[in-house]
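Below is one structure, written out as structure tokens; the observations come after it.
Because only heavy atoms are used, hydrogens play no part in the values below, and waters and symmetry mates are left out as well, while side chains stay in. Below, chain A is the first sequence line, B the second, and so on; all start at residue 1. Source: prediction; values computed, not measured.
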There are 2 protein chains.
Amino acid sequence: MEEALFNFISNYISLSNEEKEAILDLDIFRQVSKGTVLLKEGQKSNEGYFVLQGCIRTYYIIEGEEKTTAFYTEMEGTTPHCVLNNKPSEYYIAATEDSLITISNANMEAEIFQKFPKFETLCRILSEELLAKEQINFNDFKTSSPEKRYINLLEKRPDLLQRVPQHQLASYLGIKPQSLSRLRTRITKNNKS
Amino acid sequence: MEEALFNFISNYISLSNEEKEAILDLDIFRQVSKGTVLLKEGQKSNEGYFVLQGCIRTYYIIEGEEKTTAFYTEMEGTTPHCVLNNKPSEYYIAATEDSLITISNANMEAEIFQKFPKFETLCRILSEELLAKEQINFNDFKTSSPEKRYINLLEKRPDLLQRVPQHQLASYLGIKPQSLSRLRTRITKNNKS
DNA sequence: TTCTCTTCTTAACTTAGGTGAACGCTTTTA
DNA sequence: TAAAAGCGTTCACCTAAGTTAAGAAGAGAA
């Protein structure tokens, strides 16, 4: 399974065996089961998460309602905001499936950047790339109606529709579960007629 | 004016005079006047923009309509998506005010990272920070109604309401200009009664 | 099994944003 | 200077999402 990570990294930089060892030595691989909460609102943390297998999500609880804002699946990951600003987290992170993830932390990063500057290059590229993706996602969201967003999702991440509960998907699309349900019947009816 | 940039950078790393010189030698400072289009849809580019004074925005033209998705003001900046994926740009970037900005390019970056690895650290930190901010913005947007978004904007970036045309603000909030206008009168009426 | 909790769906009603059109006002352009 | 274009606002009507409530299906626990 660690191979998946090295494969992913090899898209960006090449790793010597020594460097691979250094990563394995960090002991960052964790198996988490469905429903496990990795980060809670109000909690401070300096951990970053990267999904090798499975799915995790971030969500807020606003006026008693869960609002899912992101899903991370294979070869995706996130460093929570609270790690960067060192304030209590405003949101939760939990596994929506049994998952294999890496959990890294800020100190460990500093150390390895020193030993292998190459890793800093990797992290810079990854976060620039992520930033660009995030901006495109945001742009798409802003410039689309809920219905278009759903259709977009059908095209771009069809797996999510299968592996994730509808009510989580709904808030991810910025609407209520009832509206998502209605929207889906509206679309299938129109396609038939 | 260059001082503003060095001040900003000093929040993250300290620069020697030699390093400051290296930046100045890059000759990246540009004065652009209101309306100047920096990047067009369909165009390839490897330039990044950073605002020292003024305001630039990114916008799409979708079915003949401008959709503004971001504003960048003092000490904010962006590397367009097309620079990172090396494909034609999907959106425009233009100055909404007479502005003083830096225009850097990818080659120049590679060169300076080599000479001064410190700059790569700076760029990694900046883009991680930006990514986190972008995610928070996205989360706020997803979990709010247009009205709440407007009220949020009133609190967080009141300057924008003053310096930017209403119709650009409207699409930035994900609604039509007419709706923004209605929404504003609704809010002020409710506050009075 | 039975009970409970969660998830998803449907329905009726309300509300807010979209649409198309019109009107002043300002800015640009001819 | 006159005409045109752009911008912000208002209105009436339409449409889709929010709200509240109810019920069916499935999962998990006692």
Check the distance between [N]'s [atom2] and [X]'s [atom1] and give it to me in whole angstrom.
X        : N      : atom1 : atom2 : answer
A/Lys67  : D/dG18 : NZ    : C1'   : 11 Å
B/Gln178 : D/dT10 : CD    : P     : 12 Å
A/Lys176 : D/dA21 : NZ    : C1'   : 15 Å
A/Leu183 : C/dT9  : CG    : P     : 11 Å
B/Leu161 : D/dG8  : CG    : P     : 12 Å
B/Leu180 : D/dG8  : CG    : C1'   : 10 Å
B/Glu63  : C/dG20 : CD    : P     : 12 Å
A/Arg186 : C/dT10 : CZ    : C1'   : 14 Å

Can you figure out which of [options] approaches the side chain of [X] most closely?
X        : options               : answer
A/Ile175 : C/dC8, D/dA17, D/dT9  : D/dA17
B/Glu147 : C/dG17, C/dA21, C/dT9 : C/dG17
B/Pro165 : D/dG8, D/dT9, C/dT19  : D/dG8

In terms of the nearest nucleotide of DNA chain C, which residue is placed more toward the 5' end: A/Ser181 or B/Ser145?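 The residue closer to the strand's 5' end, by nearest nucleotide, is A/Ser181.
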
Is there a donor-acceptor pair under 3.5 Å between the side chain of B/Thr36 and the backbone N or O of B/Ala95?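 No.
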
Can B/Glu47 and B/Arg30 be counted as an ion pair, charged N to O under 4.0 angstrom?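 Between B/Arg30 and B/Glu47 there is no salt bridge, as every charged N stays at least 4.0 Å from the carboxylate O atoms.
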
Once rounded to the nearest 0.5 Å, what's the spacing between atom OG of A/Ser33 and atom CD of A/Glu97? 12.5 Å

Pairwise distance OH(B/Tyr172) to NE2(B/His167) - rounded to 0.5 angstrom: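 NE2 of B/His167 is found 15.5 Å from OH of B/Tyr172.
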
Taking only side-chain nitrogens and oxygens of B/Ser179, does any of them come within less than 4.0 Å of OP1 or OP2 of C/dG17?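 Negative; the distance criterion is not met.
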
For D/dG8 and B/His167 - does any side-chain N or O of the residue sit under 4.0 Å from the phosphate oxygens OP1/OP2? yes

Consider only side-chain heavy atoms of I, L, V, M, F, W and Y, link residues closer than 4.5 Å, and tell whether A/Leu26 and A/Tyr49 are in one cluster.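 Per the 4.5 Å side-chain linkage, A/Leu26 and A/Tyr49 are not co-clustered.
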
Select from B/Pro177 and A/Pro146 the residue whose nearest nucleotide in DNA chain D is closer to the 5' end of that strand.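 Upstream on the strand: B/Pro177.
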
Any N/O donor-acceptor pair, A/Arg182 side-chain to D/dG18 base, under 3.5 Å: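 Checked by distance alone, the answer is yes.
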
